[in-house]
Amino acid sequence: MVDITVVGHGQARELVEPPTGDIAAPARPALSADLLTVDEVARALGRPVRAGDSMALGGVLGGAQFLSADRGKPLLLVQALTGTPARWAWRANSRGQALPGIGDGAYASGDRAALRVGETTVVFTLMGEARDRQAYLPWLAAQCAARLAAHHS
């Protein structure tokens, strides 16, 4: 059992990080499932893949999942974020091995890599049978960063 005692009311009248207003923004091309092609992912993962469901949340979150072509098992999740969620994702994932020359910054750590271009953060997560392809995360990140840079210019 847990007891909670209120010893005083907080004085804060706003969030520590106020919303930036980008939640209602229209979806940006940089947050679409077009960050990587099926062919690029198949080449990096060394096996045939197909695109799974893409996701979009009001211009703040977008991405795609790539599945094994034969069994439909998840192999790679690509998440792209902007605004406050992007800053949180960058703080959580900007550690491990630095990947110089990719975007405005990139890191790889285990089954995960992250990159930043402008205000966009992209996180790659290898899953299932693809976890042995960590060596190819920098290449995937470079492909994605180049595509994002083209959208930002």
Side-chain angles (χ1 to χ4, degrees), residues 14-153:
E14 63 184 50
L15 296 171
V16 173
E17 265 191 72
T20 60
D22 53 12
I23 289 175
R28 298 177 180 103
L31 296 181
S32 71
D34 300 329
L35 294 173
L36 294 169
T37 68
V38 169
D39 289 339
E40 289 168 335
V41 174
R43 187 176 320 139
L45 300 184
R47 55 185 51 93
V49 301
R50 65 180 172 88
D53 293 334
S54 61
M55 60 183 125
L57 178 61
V60 177
L61 168 69
Q65 189 173 40
F66 294 89
L67 312 171
S68 61
D70 57 350
R71 297 186 1 223
K73 298 288 185 181
L75 298 174
L76 177 69
L77 176 63
V78 181
Q79 299 166 292
L81 306 102
T82 61
T84 301
R87 289 189 294 277
W88 292 338
W90 183 246
R91 281 187 215 132
N93 292 285
S94 59
R95 53 183 50 95
Q97 176 188 354
L99 305 174
I102 298 176
D104 296 331
Y107 291 87
S109 179
D111 299 337
R112 186 171 282 198
L115 71 92
R116 190 156 176 88
V117 174
E119 293 297 314
T120 302
T121 298
V122 180
V123 179
F124 305 88
T125 306
L126 293 171
M127 297 179 286
E129 300 167 359
R131 287 190 173 142
D132 64 343
R133 303 300 283 192
Q134 296 170 355
Y136 296 90
L137 284 171
W139 184 82
L140 286 170
Q143 303 310 304
C144 184
R147 204 156 281 133
L148 280 172
H151 284 295
H152 281 87
S153 48

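Everything quoted here is computed from the prediction, not taken from an experiment.
Within the 4.5 Å cutoff, no side-chain heavy atoms of R43 are placed close to those of Q143. Using a 4.5 Å heavy-atom threshold, the side chains of V122 and V117 count as separate. For the pair T121/W88, no side-chain contact is recorded, criterion being any heavy-atom separation below 4.5 Å from C-beta on. L137 has its side chain within reach of L126: a pair of non-hydrogen atoms, C-beta onward, lies under 4.5 Å apart. Taking 4.5 Å as the limit, every side-chain heavy atom of L75 sits out of range of all side-chain heavy atoms of V41. By the 4.5 Å heavy-atom criterion applied to side chains, F66 and V38 are counted as neighbours.
A145 and I102 make their closest contact through CB-CG2, 3.8 Å (heavy atoms, listed as atom of the first residue, atom of the second, distance). Heavy atoms only, all atoms of each residue included: A130 and L45 are closest at CB-CD2, 4.0 Å. The two residues L35 and A80 make their nearest non-hydrogen contact at CD1-CB, 3.6 Å. When every heavy atom of L67 is checked against every heavy atom of P74, the shortest pair comes out as CD2-CA, 3.6 Å. V49 and A42 get closest at one heavy-atom pair: CG2-N, 3.7 Å. Closest non-hydrogen pair, D104 versus G118, comes out as OD2-N, 2.6 Å.
Note: T125 OG1 to Q79 CD = 5.5 Å, rounded to the nearest 0.5 Å. Distance check: L76 CG to R133 CZ gives 12.0 Å after rounding to the nearest 0.5 Å. Note that CD of E129 and NZ of K73 are 8.5 Å apart. Values are rounded to the nearest 0.5 Å. Rounded to the nearest 0.5 angstrom, E119 CD and L81 CG are separated by 12.0 Å. Rounded to the nearest 0.5 angstrom, L36 CG and C144 SG are separated by 5.0 Å. One finds the OH atom of Y107 at 11.5 Å from the CG atom of N93 (value rounded to the nearest 0.5 Å).
For S109 and R112, the side-chain atoms include no donor-acceptor pair closer than 3.5 Å.
Remark: the backbone N or O of G105 is not paired with any side-chain donor or acceptor of R116 at under 3.5 angstrom. Formation of a donor-acceptor pair under 3.5 Å by the R131 side chain with backbone atoms of D111 is not found in this model.
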